[in-house]
Amino acid sequence: MTSDIVGVWDVSLADGVHQIEFEHGTTTGKRIVRVDKKEMLRKDWLFKLVGKEYFCIGKTKCCIAIDAIAGFAYEYTMQVNGKDLKKFSENQSKITKCWTLLLDDVETRVVLEKDTLDVWCNGQRLSTTGEFVEDGTETHFELGPYQAYIKAVSSGKKREGIIHTLIINGNEIPEAKE
């Protein structure tokens, strides 16, 4: 069986980075959407070769648009929550902070949603306790046997806003570059 994969995108959400694969059979109209290698949508034998396919990653709404550009050539664009993927990713980087680290030899991803103050670790929302401290706030939580917190302090500069720092067992963890 031949693969008709025409697009692969990485979508970074609070619960992790999800890989989206899209197959488009330009002779049969077949369309398959996979999220993290799991088939989410399949349509066989469609006569209309252009259009949109809608699906969700958890509660996040996604759309792959198929447009004809010349003859039998097609362009595929990914939209997340109604925005093109690039714009969505730029917005996500403004409303989330992400740290990746090895914790007991396990790749660990900690994400702070700045708008809700939810903390996620490897796709699981954590139970947290907030505390006001002299120079800002600390959001405390556990990562297995480790005590951790995210410290939020003012940068003193309007453009920079609040600086968030992850601290695990007294060690500052550098922010991930996504």
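When a residue number appears, it is its place in the shown sequence, counting from 1.
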I need the [X] [atom1] to [Y] [atom2] distance, nearest 0.5 Å.
X      : Y      : atom1 : atom2 : value
Phe88  : Met78  : CZ    : CE    : 9.0 Å
Glu142 : Thr128 : CD    : OG1   : 11.5 Å
Leu166 : Leu101 : CG    : CG    : 7.0 Å
Phe22  : Tyr76  : CZ    : OH    : 6.5 Å
Gln92  : Lys83  : CD    : NZ    : 8.5 Å
Glu90  : Ile95  : CD    : CD1   : 13.0 Å

Could you state whether [X] and [Y] fall into the same hydrophobic cluster, counting links through intermediate Ile, Leu, Val, Met, Phe, Trp or Tyr residues with side-chain heavy atoms under 4.5 angstrom apart?
X      : Y      : result
Ile5   : Leu46  : no
Ile167 : Phe141 : no
Tyr149 : Ile173 : no
Trp9   : Met40  : yes
Val11  : Val6   : yes

Min side-chain heavy-atom separation [X]-[Y] under 4.5 Å:
X      : Y      : answer
Leu143 : Ile168 : yes
Val8   : Gln19  : yes
Thr137 : Glu131 : no
His164 : Leu112 : yes

Please indicate whether Lys114 has more than 12 foreign heavy atoms, meaning atoms of other residues, nucleotides or ligands, lying under 6.0 Å from its NZ.
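Count over threshold, so yes.
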If every non-hydrogen atom of [X] is compared with every non-hydrogen atom of [Y], which pair is closest and at what distance?
X      : Y      : result
Gly161 : Ser155 : O-OG, 2.7 Å
Ile162 : Ala152 : CG2-CB, 3.7 Å
Glu107 : Leu102 : N-CD2, 3.6 Å

Please tabulate, for side-chain N and O atoms in residues 117-125, each donor-acceptor pair with protein atoms closer than 3.5 Å (sequence neighbours left out).
unit_1: Asp118; atom_1: OD2; unit_2: Thr116; atom_2: OG1; d: 3.3
unit_1: Asn122; atom_1: OD1; unit_2: Arg109; atom_2: N; d: 2.7

Can you tell me which residue among Thr108, Thr165, Ile150, Val111 is in a side-chain contact (heavy atoms from CB on, under 4.5 Å) with Trp99?
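Between Trp99 and the candidates, side-chain contact (heavy atoms from CB on, under 4.5 Å) is satisfied uniquely by Ile150.
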Hey, is [X] close enough to [Y] for a salt bridge, meaning N to O under 4.0 Å?
X      : Y      : value
Glu23  : Lys30  : yes
Asp135 : Lys151 : yes
Glu21  : Lys37  : yes
Glu53  : Lys43  : yes

Show which side-chain atoms of residues 57-75 pair as donor or acceptor with protein atoms under 3.5 Å away, not counting sequence neighbours.
none

So, Asp4 versus His24: side-chain donor-acceptor pair below 3.5 Å or not?
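Judged by distance alone, the side chains do not pair up.
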Scan side-chain atoms only and decide if His140 and Gln147 contain a donor-acceptor pair under the 3.5 Å cut-off.
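Their side chains do not contain a donor-acceptor pair, so the 3.5 Å distance test is not met.
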